[in-house]
There are 2 protein chains.
Amino acid sequence: MLSHKAKYALKALLYLAEQDENHISRTIEIADGANIPKKFLEQILLDLKRGRFVSSKQGKFGGYYLIKSKNDITLAEIHRLFDGAIALLPCASLNFYEPCSDCKTEDECSLRHGLMLIRDKTLKAMEGITIASLVKK
Amino acid sequence: MLSHKAKYALKALLYLAEQDENHISRTIEIADGANIPKKFLEQILLDLKRGRFVSSKQGKFGGYYLIKSKNDITLAEIHRLFDGAIALLPCASLNFYEPCSDCKTEDECSLRHGLMLIRDKTLKAMEGITIASLVKK
DNA sequence: TATTAATTCTATCGATTTACTAGGAATTAA
DNA sequence: TTAATTCCTAGTAAATCGATAGAATTAATA
């Protein structure tokens, strides 16, 4: 399941993608538009900024705007930024790999192989969902 | 990600599936064999019993055994039993559906449609992973 | 230069969940 | 009767989650 953070991030990105080119959106505007608690959204926007999905302008008349094409922002990326690994176990993960502590023989985790199959399919599907694909519905 | 409970459940089922027909496995035997904390495993086996994957014999010389074919126990089922919904949001879930609280117009969640696509693909993949498929590797 | 309105940063909080552990009651076979 | 096992109910420490508070910083503009 997605965390609220990841869900809100997607909704915020969706909101930004729907605005006119060059429009800068204030946090409160996004919060109201996408029904997200404002203070919570602040953190999320900072995370999105660190992840280089959005940028911000500070001070009066400041706000947030997309710096990555809505065609290039995928569900997979947002999942990883906020919720971490897409694989079902760390030992089956590409970006968050860790060996299992409870598997006796290293690399002979009985689940690993099967879970890597799942990961590949899920990842492929998640990379197919972009902000752009969610906007035009 | 899978919880430890779900991971241990899979490993325990795998252990049971590898035993001879009619063999009854004690908790401690499974715990040692699959490297799972014994007391924790007790709870997990009870959950698996309630889910009708295994059955048990009580008292001295008691223990657990599979009552469902290893070909018919899928990753999807174990995920649902221990970790709940497979979909990324409740509003996109088949078995754990709940409407989003933060979507203004009911059934017009901007994410729902895309997440249902993911759910379908992930679910199909997870239904393809059975205990039997994990045993023969 | 002062004011105002916005982002940014740090810290904290309460509730829930997770991963276990403890202790004992109930059950069964020898 | 005893030993070995499942079954049941609590409890607990740590982490995570969802959210809030408040002050610092930045920038436009009057």
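Here the structure is a predicted model, which is why all the values come from computation and not from measurement.
- At whole-Å resolution of the value, NZ in B:K38 and C1' in C:dA22 are 12 Å apart.
- Between D:dT6 and B:Y65, no contact under 4.0 Å exists linking OP1 or OP2 to a side-chain N or O.
- Of the residues in residues 3-13 of chain B, those with a non-hydrogen atom less than 4.0 angstrom from any atom of DNA chain C are B:S3, B:H4, B:Y8.
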Checklist entry - What string of B, S and - do you get for nucleotides 24-30 of chain C, 5' to 3', when a contact is any protein heavy atom under 4.0 Å? => result B--BBBS
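- A salt bridge does not link B:D32 to B:K38: none of the charged nitrogens lies less than 4.0 Å from a carboxylate oxygen.
- Side-chain atoms of A:E29 and A:H23 include a donor-acceptor pair closer than 3.5 Å.
- Each end of the helix from C:dT1-D:dA30 to C:dA30-D:dT1 yields a helix axis from five base pairs, and these two axes differ in direction by 0° (to the nearest 10 degrees).
- Within the hydrophobic cluster formed by Ile, Leu, Val, Met, Phe, Trp and Tyr side chains joined at under 4.5 Å, directly or through other members, B:I28 stands alone, with no partner residue.
- Separating the CZ atom of B:R26 from the C1' atom of D:dA3 is a distance of 13 Å, rounded to the nearest angstrom.
- Every residue meeting the ring-ring contact (aromatic ring centres under 6.0 Å, His included) condition with B:F40, not counting sequence neighbours, appears here in chain and number order: B:Y8.
- By the 4.5 Å heavy-atom criterion applied to side chains, A:R80 and A:L123 are counted as neighbours.
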Next on the checklist: A:D83 vs A:K5, test: salt bridge (charged side-chain N to carboxylate O under 4.0 Å, His left out). Steps then yes/no.
Outcome noted: CA-CA 8 Å; A:D83 294 350; A:K5 258 192 175 175; over 6 Å; no
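- Look at CG on B:L41: it is 12 Å from P on D:dC7, rounded to the nearest Å.
- Using a 4.5 Å heavy-atom cutoff, the side chains of A:Y15 and A:V135 are not in contact.
- With rounding to whole Å, B:I44 atom CD1 is found 13 Å from C:dT21 atom C1'.
- Against DNA chain C, the stretch residues 81-94 of chain B makes no heavy-atom approach under 4.0 Å.
- Under the 4.5 Å side-chain criterion, counting only non-hydrogen atoms from C-beta, A:I131 is in contact with A:L10.
- A 6.0 Å sphere centred on NZ of B:K124 holds no more than 12 heavy atoms belonging to other residues, nucleotides or ligands.
- For the atom pair A:L13 CG and A:K68 NZ, the distance stands at 10.0 Å (nearest 0.5 Å).
- Residues B:Q43 and B:T27 both approach DNA chain D. Their nearest nucleotides, taken by heavy-atom distance, put B:T27 toward the 5′ side.
- Neither side chain, A:T130 nor A:N71, offers a donor N or O lying under 3.5 Å from an acceptor on the other.
- At least one donor-acceptor pair closer than 3.5 Å links the side chain of A:T122 to the backbone N or O of A:I118.
- A:K121 NZ: 12 or fewer foreign heavy atoms inside a 6.0 Å radius.
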